[in-house]
Amino acid sequence: MARAHLSRRSLLTAGGAAAVAIGAAASPSAAAAAPLDNPVDTPAEALRRLQAGNRRFTSGHGRHPHQGLTDLHRLAAGQHPFAITVGCADSRVAPEVLFDQGLGDLFDNRVAGNIVDDLLLGSVEFAVEEFGSLLIVVLGHERCGAITATIDAIHSGGTAPGHIGVIVDALRPVVEPVLDQPGDPVENGVRANIAAQVAALSARSTIIAEKVDQGALRVVGARYDLDNGRASLVA
């Protein structure tokens with residue numbers, strides 16, 4: 001299916017101008033913006049790189065790659081993130097840290113409950129189209145506050161204050177069906193939500209679904225363990 005290509009310059013004119021100005025000051029070339037590590041050419045390679053980084057992180061042997069000012073200047077000319085993350089807005093779950101990656105590696109999207117709404121979906125589609133990222137990781141985590149708040153609201157019959165209610169309303173259809181399952185209700189809700197958001201990415205986006213069908217993109221779900229730092233595939 002043919003689609004008009006929308007460039008970063010036309011979509012983000014002001015931001016693009018700022019990037020050009022920074023690039024001019026640092027004098028990086030377009031070629032210099034390419035990743036410094038060996039190129040990642042397939043979704044499987046992208047996943048292996050993240051898994052290897054997580055093993056380094058959990059073993060205390062992180063490399064903390066390309067996180068300096070030189071890397072910042074190099075990337076001013078353009079970015080080539082090999083993976084996209086859809087993570088929870090939580091201070092303990094920072095993708096570059098737990099996957100031992102650096103500037104320009106991951107296109108991060110973070111919102112409470114890692115919910116795929118229209119705005120987040122557009123952001124993910126932009127990265128898929130513009131940067132050719134090969135992997136999308138929906139990253140949930142244990143003891144998620146958004147899931148807990150949703151369960152509390154369901155049990156109490158009350159409402160969450162302010163705009164927190166919007167998060168609860170979005171998660172309620174995912175969490176409510178698993179409340180009667182054996183085991184910890186928050187953990188059940190976290191896993192159900194990861195699976196639901198993974199499914200939503202392809203079901204709601206023709207752009208993502210086409211790339212997945214072509215083998216150019218993979219969508220996976222992972223659960224992050226706050227106690228030991230491991231990110232394990234669950235969907």
Side-chain angles (χ1 to χ4, degrees), residues 35 37 39-58 62-63 65 79-117 119-144 146-147 171 174 187 189-205 207-226 228-235:
D37 293 329
V40 177
D41 296 321
T42 68
E45 290 175 0
L47 181 57
R48 283 195 294 269
R49 178 163 291 186
L50 291 187
Q51 290 172 322
N54 185 239
R55 286 193 297 271
R56 292 194 301 270
F57 170 66
T58 57
R63 294 191 294 113
Q79 58 179 313
H80 304 270
F82 68 86
I84 301 163
T85 63
V86 177
C88 190
D90 190 295
S91 64
R92 302 163 295 180
V93 189
E96 279 80 8
V97 175
L98 66 96
F99 289 120
D100 194 28
Q101 301 300 313
L103 295 168
D105 291 329
L106 306 179
F107 191 85
D108 294 329
N109 301 268
R110 302 182 67 186
V111 64
N114 41 275
I115 299 164
V116 179
D117 62 8
L119 284 172
L120 189 142
L121 188 58
S123 178
V124 171
E125 288 180 336
F126 178 74
V128 169
E129 283 282 86
E130 196 67 18
F131 309 130
S133 301
L134 299 163
L135 181 71
I136 303 173
V137 181
V138 175
L139 185 63
H141 64 93
E142 67 169 341
R143 301 198 289 273
C144 177
I147 299 295
L171 291 174
V174 175
E187 179 63 20
V190 166
R191 289 176 177 269
N193 186 47
I194 293 169
Q197 305 307 329
V198 167
L201 284 164
S202 291
R204 296 183 56 204
S205 171
I207 292 172
I208 293 172
E210 285 183 353
K211 295 288 187 181
V212 170
D213 289 342
Q214 294 164 5
L217 177 69
R218 183 177 175 187
V219 183
V220 301
R223 173 194 174 278
Y224 179 62
D225 192 321
L226 295 174
N228 60 34
R230 291 195 186 97
S232 304
L233 292 182
V234 296

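Worth saying up front: this structure is predicted, and the values here are computed from it rather than measured. Every heavy atom of this structure was used, including side-chain atoms; hydrogens, water molecules and symmetry mates were not. Sequential numbering from 1 along the given sequence is applied to the chain's residues.
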Candidates Leu106, Leu135, Asp41 - the one meeting side chain to side chain contact (heavy atoms under 4.5 Å, CB included) with Phe82: Leu106
For Ala192, side chain to side chain contact (heavy atoms under 4.5 Å, CB included) partners two or more places apart: Val174, Val178
Check: Gln101 side chain, Phe99 main-chain N or O, donor-acceptor pair, under 3.5 Å: yes
Shortest non-hydrogen separation from Asn114 to Cys88 and the atoms involved: OD1-CB, 3.8 Å
Side chain to side chain, Val198 and Val220, heavy atoms closer than 4.5 Å: no
All pairs passing salt bridge (charged side-chain N to carboxylate O under 4.0 Å, His left out) where residues 93-102 contributes a residue, at least two apart: Arg56-Asp100
Under 3.5 Å: donor-acceptor pair, side chain of Arg218, backbone of Val137: no
Ser202: partners by side-chain hydrogen bond (donor to acceptor under 3.5 Å, both in side chains), with sequence neighbours left out: none
Rounded distance [0.5 Å steps], OG1 in Thr85 versus CD1 in Ile136: 10.5 Å
Counterpart residues, side-chain hydrogen bond (donor to acceptor under 3.5 Å, both in side chains), relative to Thr58 (two or more places apart): none
Non-neighbouring partners of Asn54 that pass side-chain hydrogen bond (donor to acceptor under 3.5 Å, both in side chains), sequence neighbours left out: none
Rounded distance (nearest 0.5 Å) linking atom NZ of Lys211 with atom CD of Gln214: 5.5 Å
Any residue meeting side chain to side chain contact (heavy atoms under 4.5 Å, CB included) with Leu121, in chain and number order, not counting sequence neighbours: Val116, Glu125, Leu201, Arg204, Ser205, Ile208
Gap between atom CD of Glu129 and atom CD1 of Ile207 - 0.5 Å precision: 4.5 Å
Nearest non-hydrogen partners of Arg110 and Ala94, listed with the distance: NH1-CA, 4.1 Å
Heavy-atom pair of closest approach, residues Gln79 and Pro81: C-CD, 3.5 Å
Side chains of Ile84 and Asn109 in contact at under 4.5 Å (non-hydrogen atoms): yes
Results of salt bridge (Lys or Arg N to Asp or Glu O under 4.0 Å) for Arg63 - residues two or more places apart only: none
Under the side-chain hydrogen bond (donor to acceptor under 3.5 Å, both in side chains) test, residues paired with Ser133 that sit two or more places apart: none
Gap separating the CG atom of Leu139 from the CD atom of Gln197, nearest 0.5 angstrom: 12.5 Å
Considering all heavy atoms, the nearest Val97-Phe57 contact: O-CD1, 3.5 Å
Non-neighbouring partners of Phe107 that pass ring pair (Phe, Tyr, Trp, His ring centres under 6.0 Å), sequence neighbours left out: Phe131
Sub-4.5 Å side-chain heavy-atom contact between Leu226 and Val93: yes
Sequence-distant partners of Glu187, salt bridge (Lys or Arg N to Asp or Glu O under 4.0 Å), two or more places apart: Arg191, Arg223
Polar side-chain atom of Asn193 near backbone of Val190 as donor-acceptor pair, under 3.5 Å: no
Nearest-0.5 Å distance that lies between atom CD in Glu45 and atom CG in Leu134: 8.5 Å
Set of salt bridge (Lys or Arg N to Asp or Glu O under 4.0 Å) partners for Arg92, sequence neighbours left out: Asp90
Counting only pairs under 3.5 Å, give me each side-chain donor-acceptor contact of residues 228-235, with atom names and distances, residues two or more places apart or in other chains.
from   : atom 1 : to     : atom 2 : distance (Å)
Asn228 : OD1    : Arg230 : N      : 2.9
Asn228 : ND2    : Asp225 : OD2    : 3.4

